[in-house]
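Written below as C-alpha cells is the structure these notes are about.
The structure displayed is predicted, hence computed values, not measured ones. The chain is numbered in sequence order, starting from 1.
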Amino acid sequence: MKFYFTTLFVLTSKFLLAQSADELVFKQKMDLPKGESTPQSALTIAQSFIGQPYKAGTLDVATKEQLVCNLKDFDCWTFVETVSAMAITKHSSKPGFAAFLHMLKKLRYRDGQINGYASRLHYFKEWAIRAEENKLVQDMTEMIGGISAEKQINFMTSHRNLYPHLQNNETFSTVQSHENHLNKYDFYYVPKANVRKVESQIQDGDIIAITSNIEGLDFNHEGFAIRKNGRVHLLHASQEMKKIVISTEPLADYLNRFKKHSGIAVVRLL
C-alpha cells in the first residue's frame, strides 16, 4: 500500500510539472461556479484574481510577435481580455486550455491571426468592434444613453517615439492604415457627469471602458462593473494600487478623480 501511494504521488507530481503554471491556473478558474450568463461567470473569475499584481508591458516581452498567456500579473486591458476569454471558454462546448488560447488569440489579434506587431489590436475601440463582429460581445453604450463624439484616433502614430515597433516604416504604415479605418466608425460614450444616471442599466460583469480626454486616444482604462451597496464600482487591474482591486468609491466618483477620464463605454459579453 505504501508503494502504491508513493508511486501515485510521483506520477501525480510528474503530471503537474508537465503542465504549465498558466494551465493550472486556468483549470482552477474553470472549476469556479458557472454563472447563468457569460458576464456572471466573468465577474466570478475576475473576483478570484483580486490581489494579483499589476504589471505593464507583458505582451511585449518577445522580439517576435507571439501569443502571450500570462495568468500571474496583468495590466487593465490584459486583465479584461484574459477574464473575457476564460468566461467565453467556460460557456463553450469544449472548455479546455487549448480552446482558451484560441479565444485569447481571437480577441487579441485582427481576424485571430498573428502577423507581426500591427496585427495585434492596439486600440480598445477596435477590440470591441471586432469582438462584436464575432458575436462575442455587444456594445451597449448608445442603448443606455451614450452620445456620439467626434474623436480622431491616432495616438500611436502621432507619438511614434513611444512605440519601438513603430520605428519600422512598414509597421508604422500598417498601424496608420488601421487607425484610418477605425476612424470610419462612430464613437459613442456616456459622459462622466451622466454615469450615475445610467447605473441602473449597467449589469454586473459588464466591461467598463473609460474614455479619454487625451487627443488621439480612445480609452485610458478598462475593468468590470460590480455592484456594491446598490452602486456600480470598478473591478480592475489598478496601476495606482499596483494590483487587482475593487474601487473603494463608486464608478462615477472614481471617474471624477481623474481629469483625463471623459466618461465610459459599456460592452457586454454574450
Side-chain angles (χ1 to χ4, degrees), residues 39 42-43 46 75-81 83-84 107-108 110 121-159 175 178-227 231-240 246-247 249-270:
L43 189 60
D75 63 26
C76 63
W77 189 345
T78 58
F79 175 59
V80 165
E81 184 175 62
V83 170
S84 296
L107 286 170
R108 184 173 295 165
R110 195 171 291 103
L121 301 174
H122 295 285
Y123 290 102
F124 195 81
K125 174 64 177 175
E126 186 177 4
W127 185 96
I129 290 169
R130 295 280 178 167
E132 188 165 39
E133 289 174 348
N134 287 321
K135 302 187 186 321
L136 300 173
V137 305
Q138 184 175 10
D139 189 334
M140 306 298 296
T141 312
E142 185 181 5
M143 285 178 271
I144 67 170
I147 62 173
S148 179
E150 292 294 328
K151 184 79 176 182
Q152 287 295 304
I153 301 170
N154 56 15
F155 185 86
M156 291 181 69
T157 56
S158 61
H159 296 79
V175 170
H178 291 315
E179 288 176 340
N180 292 337
H181 181 71
L182 184 55
N183 285 319
K184 295 178 181 179
Y185 288 85
D186 292 330
F187 191 97
Y188 286 93
Y189 80 114
V190 177
K192 60 183 177 182
N194 298 341
V195 168
R196 184 165 187 176
K197 299 175 186 176
V198 304
E199 278 190 6
S200 62
Q201 300 181 73
I202 297 174
Q203 297 181 7
D204 275 355
D206 279 348
I207 297 169
I208 303 296
I210 298 177
T211 53
S212 180
N213 278 320
I214 298 171
E215 186 175 354
L217 191 60
D218 54 347
F219 296 98
N220 293 325
H221 194 53
E222 297 84 32
F224 291 98
I226 181 168
R227 202 169 295 276
R231 298 294 307 280
V232 172
H233 289 245
L234 188 68
L235 171 51
H236 61 133
S238 169
Q239 185 177 22
E240 180 183 26
I246 299 174
S247 63
E249 67 270 71
L251 174 62
D253 298 334
Y254 172 85
L255 294 170
N256 285 328
R257 283 204 290 117
F258 300 90
K259 289 185 178 180
K260 66 179 181 178
H261 295 341
S262 60
I264 64 169
V266 179
V267 178
R268 185 165 297 162
L269 290 162
L270 298 177

Are side-chain heavy atoms of [X] and [Y] found at a separation under 4.5 Å?
X	Y	result
Leu182	Ile129	yes
Tyr254	His221	yes
Phe224	Ile207	yes
Lys192	Asn256	yes

Check: Which word best sums up how the rings of Tyr189 and Phe187 line up, parallel for under 30°, tilted for 30 to 60°, or perpendicular for over 60°?
Finding: tilted
Next item on the list: Can you label the angle between the Phe258 ring and the His261 ring as parallel, tilted or perpendicular, going by 30° and 60°?
Entry: tilted
Within the distance-only criterion (no hydrogens, no angle test), does the side chain of [X] pair as donor or acceptor with the backbone N or O of [Y] below 3.5 angstrom?
X	Y	answer
Thr211	Phe219	no
Asp206	Gln203	yes
Ser247	Leu234	yes
Lys151	Asn183	no
Tyr123	Phe155	yes
Arg227	Ile202	yes

Out of curiosity, [X] [atom1] to [Y] [atom2], how far, rounded to the nearest 0.5 Å?
X	Y	atom1	atom2	value
Asp75	Glu81	CG	CD	9.0 Å
Gln239	Asn220	CD	CG	10.5 Å
His181	Ile153	NE2	CD1	12.0 Å
Asp218	Trp127	CG	CH2	12.5 Å
His233	Ile246	NE2	CD1	8.5 Å
Ser84	Leu107	OG	CG	6.5 Å

Do other residues, nucleotides or ligands put more than 12 heavy atoms under 6.0 Å from [X] [atom1]?
X	atom1	value
Arg196	CZ	no
Gln201	CD	yes
Glu249	CD	yes

Next item on the list: Please report the C-alpha distance between Glu240 and Arg257 in whole Å, then the side-chain angles of each, then the deciding distance to 0.1 Å, and finally whether the side-chain contact (heavy atoms from CB on, under 4.5 Å) criterion is met.
Entry: CA-CA 12 Å; Glu240 180 183 26; Arg257 283 204 290 117; 3.2 Å; yes
Next item on the list: Would you name the heavy atoms of Leu43 and Ala225 that are closest together and state the gap between them?
Entry: CD1-O, 3.7 Å
Check: Gly263 and Leu255: which non-hydrogen atoms are nearest, and at how many Å?
Finding: O-CD2, 4.3 Å
Next item on the list: Quick one: list whatever passes side-chain contact (heavy atoms from CB on, under 4.5 Å) with Leu270, sequence neighbours left out.
Entry: Gln138
Next item on the list: Mind jotting down which residue pairs meet the salt bridge (charged side-chain N to carboxylate O under 4.0 Å, His left out) criterion with at least one end in residues 123-145? Sequence neighbours excluded, please.
Entry: Arg110-Glu126, Asp111-Arg130, Glu126-Arg130
Check: Is there a side-chain contact (heavy atoms from CB on, under 4.5 Å) between Val266 and Ile208 once you walk through the steps?
Finding: CA-CA 5 Å; Val266 179; Ile208 303 296; 4.0 Å; yes
Item checked: Option from His122, Met156, Gln152 for which side-chain contact (heavy atoms from CB on, under 4.5 Å) with Glu179 holds -> Met156
Margin query: Applying side chain to side chain donor-acceptor pair (under 3.5 Å) to Asn154 and Thr157, what does each step give before you reach the verdict?
Written below: CA-CA 6 Å; Asn154 56 15; Thr157 56; 5.7 Å; no
Next item on the list: Given side-chain contact (heavy atoms from CB on, under 4.5 Å), test His236 with Cys76 step by step and report yes or no.
Entry: CA-CA 6 Å; His236 61 133; Cys76 63; 5.6 Å; no
